[in-house]
Each structure stands twice: as C-alpha cells, then as structure tokens.
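Each remark here refers to the structure printed beneath this line.
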Amino acid sequence: MKILVTVKRVPDPNATIRVKPDGTGIVTDNLKFVVNPFDEIAIEEALRIKEKGGGAEVVLVSIGAKVAQEQLRTGLAMGADRAILVVAEQELDPLGVARILAKLVEQEKPDLVLMGKQAIDDDANQTGQMLAALLQWPQATFASKKESLESEAEKSGLPGIQLSNGTVTVVREVDGGLETLRMPIPAVVTVDLRLNIPRYASLPGIMKARKKELKEIPVADLGVDVTPKLKVLRLDPPPKRKAGRKVSSVQELVHLLHTEAKVI
Ligand code: AMP
C-alpha cells in the first residue's frame with residue numbers, strides 16, 4: 001500500500017497579508033510560510049492509516065520553488081517516509097499542478113492520493129478533482145469524520161477514511177449532513193477540516209527527517225505542458241472597516257439606526 005500526499009507551501013493563515021500596491025500579488029517579504037493546513041490533515045490521515053497496520057508507505061509531493069523543501073521536511077518530521085519536490089519556479093494553475101501530479105502518479109503508482117480540499121492561498125478547490133479526472137480514478141472530496149454518531153465507541157470505530165479489501169470508504173461533509181461513499185482504489189480523496197487534528201512533529205521526528213529521502217525533479221524533466229490556462233488579473237484587499245462610533249444612550253442608538261443607518 002502506497003499513499004501519495006500532496007503538500008503545498010502557503011502563507012501562514014495567521015499572518016497579516018498585504019497586497020502589493022499595483023495589485024499584482026501579495027507582499028512576501030518577511031512572510032512566514034507553512035504547510036497548507038488541509039494538507040497537514042491529509043498527512044495525519046495517511047500516518048494513521050499506516051499506523052493501523054498494513055505497512056503503508058507515505059510519500060509526500062510538493063510542486064513549487066526550492067524553498068518548499070522546508071514544508072516537505074515538516075511532513076517528514078511528522079512521520080512520512082520520503083518526499084518528492086517537483087521544482088517549478090514559474091506560476092502554475094490548478095490544471096498545471098494536476099497534470100504534474102498525474103505524471104508522478106504514473107511513475108509512483110500509489111493506491112491512494114490524499115490531498116487537502118483546497119489550498120488556503122487562493123482557495124481554488126480544483127486540483128484534486130482535476131487530478132481524478134485526468135487519471136480517470138474515482139474521487140471523494142471533503143472527507144470528514146462521522147461526528148454525528150451518538151456513542152464514543154461508534155465514533156472511534158468509524159474514521160473518515162477506511163481502507164479494506166481494495167476499497168476505500170469515505171465519510172464526507174455535504175450541506176445538511178454527512179454522506180458515506182465507497183469506491184475501489186486507486187482513488188483520489190481530498191480532506192476537510194474535521195477529519196482529524198494533525199500531530200506536532202516530535203524532536204526525534206525532526207532529527208530523523210533530516211536523513212529521509214527528499215528527491216528533487218526539475219519540472220522540465222516530466223515533459224508536461226504546464227502553460228497556465230488562467231491568469232490572475234489583480235488582487236484587492238478587503239475594504240478597510242470604518243471606525244465604530246460610541247453613543248451615549250439607547251435612545252440615541254435607536255435614533256441613529258433609524259435616521260442614519262436606515263435599518264429600522
Ligand atoms: P487547490 O485546488 O489549489 O485549492 O489545492 C487543492 C489541494 O491540491 C491542496 O490542498 C494540495 O494538497 C494540492 N496542491 C495544490 N497545489 C499544489 C502544489 N503546488 N504542490 C503540492 N500540492 C498542491
């Protein structure tokens with residue numbers, strides 16, 4: 001059993017993002033980058049499947065600048081076995097990434113590809129679906145946990161992703177509830193927030209990660225057309241919130257809501 005987990009380097013979701021004055025991108029000086037939080041959940045899930053037995057190999061893959069080594073090392077320190085970095089310094093769109101991943105899947109032949117449901121930098125939520133389509137593999141998006149069950153025993157017996165006898169069963173979040181799907185493997189599964197809480201890398205894990213294999217492949221070596229099909233025209237920060245105003249009485253508040261805000 002081999003599980004390929006995708007890992008994107010993204011800005012820290014807790015950092016303050018500043019848009020460049022000309023709207024062509026965000027200011028990256030002094031910006032902290034992390035593993036995309038949904039991808040951390042995917043790594044955690046792969047490690048849990050591995051630890052349950054069956055001897056799964058967990059292989060991480062990232063596509064992007066050389067600095068993404070940092071995020072792959074974080075995943076290796078969590079417990080993944082090895083990592084692949086497809087070095088691409090140019091801008092890529094989700095279709096380009098999906099095409100590269102499809103090529104790697106051809107080479108690595110994993111039984112399962114686990115991905116985040118979306119990357120928090122541009123919230124595209126497209127790559128997993130495109131990869132499944134390119135491979136013509138079944139897919140389940142937004143894997144979650146069966147939290148609606150009453151008893152703890154039932155809950156612990158039903159993780160969001162279960163592999164058995166050549167199939168994968170996935171509990172997924174849909175509007176209004178949960179849906180359970182079963183499909184044959186190989187398959188693509190994208191994970192949502194409530195699936196698990198990712199572990200922190202331990203100190204021994206960090207030490208071991210330094211010696212684990214991190215293979216770099218220049219994107220040109222894969223022979224994949226990654227010309228972007230979409231272009232980001234501009235970015236605009238959200239409008240600044242106006243300062244609040246203090247009123248001295250409820251009467252004044254009601255009066256202003258009526259005459260100025262015109263909401264009552
Ligand atoms: P997106 O479609 O861009 O929202 O991304 C969905 C998922 O695809 C992410 O959570 C990652 O697991 C994966 N992904 C997207 N871009 C990359 C990348 N450059 N390198 C590795 N994984 C990626």
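For ligands, and for the atoms within them, numbers begin at 1 and follow the listed sequence.
Residue contacts with ligand 1: Q126 is placed with a nitrogen or oxygen under 3.5 Å of a nitrogen or oxygen of the ligand (distance criterion only). Close N/O approach between V97 and ligand 1 is not found [any backbone or side-chain N/O within under 3.5 Å].
Using a 4.0 Å cut-off to heavy atoms of N125, the atoms of ligand 1 that qualify are 1 (P), 2 (O), 4 (O). For ligand 1, the atoms lying closer than 4.0 Å to a non-hydrogen atom of G116 are 6 (C), 7 (C), 9 (C), 10 (O), 12 (O). Numbered from 1 in the order shown, with element, the atoms of ligand 1 that lie under 4.0 Å from a heavy atom of M115 read 8 (O), 12 (O), 13 (C). Near V7, with a cut-off below 4.0 Å to any heavy atom, the atoms of ligand 1 are 20 (N), 21 (C), 22 (N). Each of the following atoms of ligand 1 lies closer than 4.0 Å to a heavy atom of A124: 1 (P), 2 (O), 3 (O), 4 (O).
In this structure, V61 has a heavy atom closer than 4.0 Å to ligand 1.
In this structure, a donor-acceptor pair under 3.5 Å is absent between the side chains of Q118 and Q126. A donor-acceptor contact under 3.5 angstrom links the side chains of E45 and N196, judged on distance only. In this structure, a donor-acceptor pair under 3.5 Å is absent between the side chains of T167 and N165. Between the side chains of T169 and R182, a donor-acceptor pair is found at a separation under 3.5 Å. Between the side chains of S62 and R9, not a single donor N or O lies within less than 3.5 Å of an accepting N or O.
The environment of CD in E91 is sparse: at most 12 heavy-atom neighbours from other residues, nucleotides or ligands sit within 6.0 Å. The environment of NZ in K211 is sparse: at most 12 heavy-atom neighbours from other residues, nucleotides or ligands sit within 6.0 Å.
Annotation: side chain of V219 is not in contact with side chain of V87 (no heavy-atom distance under 4.5 Å).
Proximity of D39 to ligand 1, defined as any heavy-atom pair under 4.0 Å, is confined to the side chain (atoms from C-beta onward). When non-hydrogen atoms are compared, ligand 1 lies under 4.0 Å from the backbone of T127 as well as from its side chain. For N36, every heavy-atom contact with ligand 1 shorter than 4.0 Å involves the side chain, none the backbone.
Closest to atom 13 (C) of ligand 1 among all protein heavy atoms lies T6 OG1, 3.7 Å. Scanning the protein heavy atoms around atom 23 (C) of ligand 1, the nearest turns out to be K8 CB, 3.9 Å. Among all non-hydrogen protein atoms, the one lying nearest atom 19 (N) of ligand 1 is I63 O, 2.8 Å.
The shortest non-hydrogen separation linking P11 to I26 is CG-CD1, 3.9 Å.
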